[in-house]
There are 2 protein chains.
Amino acid sequence: MVQDWSVTRAEAMPTPTFFNLPREKRERFLDAALDEFALHDYRSASLGRIVATVGIAKGSVYQYFAGKQELYLYLVTLAAETKFSFIDASLPGDVADFFERFRLSVYHGARFDFSRPRLGSLLYNATYEPSGAATLEVAAQLRAASLQYLRTLVEAGIRNAELRDDLDVDYVVFALYQLTVSLRDFLGERFGFSFKDAVREGSGSPIDDAALHAVLDQMADLLRQGLAGPEPGRDVT
Amino acid sequence: MVQDWSVTRAEAMPTPTFFNLPREKRERFLDAALDEFALHDYRSASLGRIVATVGIAKGSVYQYFAGKQELYLYLVTLAAETKFSFIDASLPGDVADFFERFRLSVYHGARFDFSRPRLGSLLYNATYEPSGAATLEVAAQLRAASLQYLRTLVEAGIRNAELRDDLDVDYVVFALYQLTVSLRDFLGERFGFSFKDAVREGSGSPIDDAALHAVLDQMADLLRQGLAGPEPGRDVT
DNA sequence: CTCGACTATGACCGACCAGTCATGTGACCG
DNA sequence: CGGTCACATGACTGGTCGGTCATAGTCGAG
């Protein structure tokens with residue numbers, strides 16, 4: 001399993017009323033809410049815009065959720081579960097090699113972001129929520145889960161001697177995390193793909209697989225060999 | 001020179017009135033404003049809080065600046081100029097080696113962030129401003145300037161054969177940028193240093209130079225050699 | 001038909017926001 | 001003294017926000 005969300009899953013659920021809703025209405029509401037939080041950060045997101053989009057009354061939101069914070073928490077949890085289980089299901093279980101495993105995780109993560117821009121953007125925003133106030137707990141858990149996954153990978157890699165054993169694990173994990181999260185921005189630029197537009201249009205779009213692999217090759221390459229040229233016989237064996 | 005800010009510098013200046021202010025008052029205002037934007041993102045920052053801190057009337061802000069946006073632009077420009085010229089002045093001119101030059105740039109940047117937390121945090125926030133609406137232009141320029149600097153470094157490194165020549169320059173520059181910007185978070189965690197608190201207390205604090213160098217060594221090491229262990233005789237010379 | 005449980009509603013509240021402007025103050029000059 | 005200019009002020013406007021609540025509709029059970 002890629003990440004464990006059991007902690008979050010238990011708390012801050014929607015009300016029973018929400019689940020009693022006709023499927024179609026519930027989904028329209030969820031879509032609109034995901035849109036809103038994918039397009040704006042927590043503070044800027046507006047319940048007013050959501051209800052206007054769905055065409056329901058302001059008060060209805062409070063029939064479904066205790067408040068903005070609970071709604072947000074639910075959405076983030078939902079998105080995280082969806083993305084992580086997508087990656088999990090796409091990962092073959094028998095890839096032992098560290099770099100390949102890392103590469104594949106990032107690859108499927110990227111595919112998810114392009115095919116489900118609403119969910120991807122929501123999680124991306126959550127990652128960068130200022131770590132203060134209401135957002136803190138969810139964002140911190142999201143971050144912690146990702147870091148934990150990477151740490152497991154790195155530690156296994158060191159045990160297998162695929163990775164050097166003189167690494168500062170904390171730093172390496174941190175660096176991998178940053179490169180993973182921010183890759184989205186690079187891909188957006190390189191492919192001329194606007195995630196915001198994709199969210200607004202509500203449609204995912206397929207991704208140029210070859211080009212994506214090329215970028216991931218660069219990333220894996222950088223991580224494996226570093227940037228240095230072969231010239232002055234550095235301390236490599 | 002590390003970065004060029006001439007474009008921005010020309011526009012969106014404070015009014016003459018602002019410069020006519022007694023030195024002490026002007027500085028109290030600037031300090032309070034920097035505090036506010038260092039602690040909150042653009043949208044959340046409140047002119048009301050600033051004037052309350054300084055002890056002046058709301059209307060006075062509009063005697064000094066055309067509005068919130070212009071104030072912000074001025075502050076970011078000011079902070080960027082200060083930081084970049086600090087780094088520039090601290091960099092010896094004769095360091096040719098790519099990794100060392102990069103390392104030193106990051107090193108002095110980090111020293112700046114710890115000693116001038118207000119300015120450092122403001123720039124950090126600006127970096128992560130959502131690229132839409134009012135903020136767009138300044139944030140984009142800030143980002144562009146940093147990327148340009150890194151690109152120059154990388155291209156020189158490739159010319160000198162310090163770096164491999166099969167690199168995807170765009171990606172490498174992007175990766176360096178992300179690692180540079182986010183290093184702040186890692187250092188904060190490792191050193192148990194809260195930038196927010198430092199801003200609130202208004203005091204910079206000296207930094208454990210040895211520990212900082214240790215982290216930078218890891219970073220430079222990762223970039224130079226990569227993570228791979230020596231074991232299976234990879235394609236390194 | 002009546003009752004009670006459930007759900008939808010939107011006017012309303014208090015808060016905070018950026019920005020405006022009429023009024024006032026005080027310094028300098030003729 | 002009167003006039004002018006620079007500057008300070010804070011009540012006020014119009015807007016948005018999250019959240020509340022009295023009211024009303026709906027529907028199945030008795």
Side-chain angles (χ1 to χ4, degrees), chain A residues 12-30 32-33 35-37 39-76 129-130 132-136 138, chain B residues 12-30 32-33 35-37 39-76 129-130 132-136 138:
Chain A
M13 273 293 170
T15 62
T17 303
F18 181 68
F19 292 113
N20 291 342
L21 247 38
R23 182 190 210 42
E24 188 265 345
K25 186 174 183 181
R26 191 171 63 234
E27 276 170 5
R28 274 197 307 129
F29 178 83
L30 273 184
D35 254 33
E36 183 64 15
F37 285 102
L39 250 18
H40 311 280
D41 58 70
Y42 177 78
R43 200 176 188 281
S44 307
S46 154
L47 300 186
R49 272 194 297 260
I50 296 177
V51 298
T53 303
V54 187
I56 59 175
K58 187 93 162 284
S60 294
V61 175
Y62 295 86
Q63 303 268 8
Y64 309 150
F65 294 90
K68 191 185 188 183
Q69 198 172 326
E70 286 73 15
L71 169 59
Y72 182 68
L73 200 153
Y74 177 70
L75 294 176
V76 172
E129 279 296 330
T135 303
L136 186 123
V138 219
Chain B
M13 273 292 171
T15 62
T17 303
F18 180 67
F19 292 113
N20 291 341
L21 247 39
R23 180 190 212 44
E24 186 266 345
K25 185 173 183 181
R26 191 171 64 234
E27 277 170 5
R28 274 196 306 131
F29 178 83
L30 272 185
D35 255 32
E36 183 65 15
F37 285 102
L39 251 17
H40 310 280
D41 59 69
Y42 176 79
R43 199 176 189 281
S44 307
S46 154
L47 300 186
R49 273 194 298 260
I50 296 177
V51 300
T53 303
V54 186
I56 58 176
K58 187 93 164 284
S60 293
V61 175
Y62 295 87
Q63 302 270 6
Y64 308 150
F65 293 89
K68 190 185 189 184
Q69 197 172 327
E70 285 74 14
L71 169 58
Y72 182 68
L73 199 153
Y74 178 69
L75 295 176
V76 172
E129 279 295 331
T135 302
L136 187 122
V138 218

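Each chain gets a letter, A, B and so on, in the order its sequence line appears, and its residues count up from 1.
When the P atom of C:dC17 is taken as reference, atom OH of B:Y72 falls 18 Å away, rounded to whole Å. Rounding to whole angstrom units, CD of residue B:E36 and P of C:dA18 are separated by 9 Å. Look at CZ on B:F37: it is 11 Å from C1' on C:dA18, rounded to the nearest Å. Atoms OH (B:Y64) and P (C:dA18) sit 17 Å apart, rounded to a whole Å. Atom-to-atom, CZ of A:R49 to P of D:dG15 comes out at 16 Å; the value is rounded to the nearest Å. The nearest whole Å value for the distance from the CZ atom in A:R28 to the C1' atom in C:dA8 is 14 Å. For the pair B:Q63 CD and D:dC5 C1', the computed distance is 12 Å after rounding to whole Å. The distance between atom CD of A:Q69 and atom P of D:dC17, rounded to the nearest whole Å, is 18 Å.
Ranked by how close their nearest DNA chain D nucleotide is to the 5' end, B:T17 and A:Y42 are led by B:T17. Along DNA chain C, the nucleotide nearest A:R43 and the nucleotide nearest A:A57 are compared for position; the residue whose nucleotide lies closer to the 5' end is A:A57. In terms of position on DNA chain D, the residue among B:G59 and B:N20 whose nearest nucleotide sits closer to the 5' end is B:N20.
B:Y64 and B:F29 have perpendicular rings, their planes meeting at more than 60° on a 0 to 90° scale where under 30° would count as parallel. Classified by interplanar angle (parallel below 30°, tilted 30° to 60°, perpendicular above 60°), the ring pair B:Y74/B:F18 is perpendicular.
Side chain of B:L47, nearest nucleotide from D:dG19, C:dG19, C:dT9: C:dG19. The listed nucleotides are D:dG19, C:dA8, D:dA8; the one nearest the side chain of A:K68 is D:dG19.
Under the 3.5 Å distance criterion, the side-chain polar atoms of A:E129 are left unmatched by any main-chain donor or acceptor of A:D41. Counting only distance, with no hydrogens or angles, the side chain of A:E70 and the backbone of A:G67 share a donor-acceptor pair below 3.5 Å.
The base of C:dA18 sits with one of its N or O atoms less than 3.5 Å from a complementary donor or acceptor on the side chain of B:K58.
Side-chain contact between A:L71 and A:F37: present, with at least one pair of heavy atoms (C-beta onward) separated by less than 4.5 Å.
Dashed line: the shortest gap from a side-chain N or O of A:S46 to OP1 or OP2 of D:dC17 is under 4.0 Å.
At a threshold of 4.0 angstrom between heavy atoms, the contacts of B:A66 with the nucleic acid are absent.
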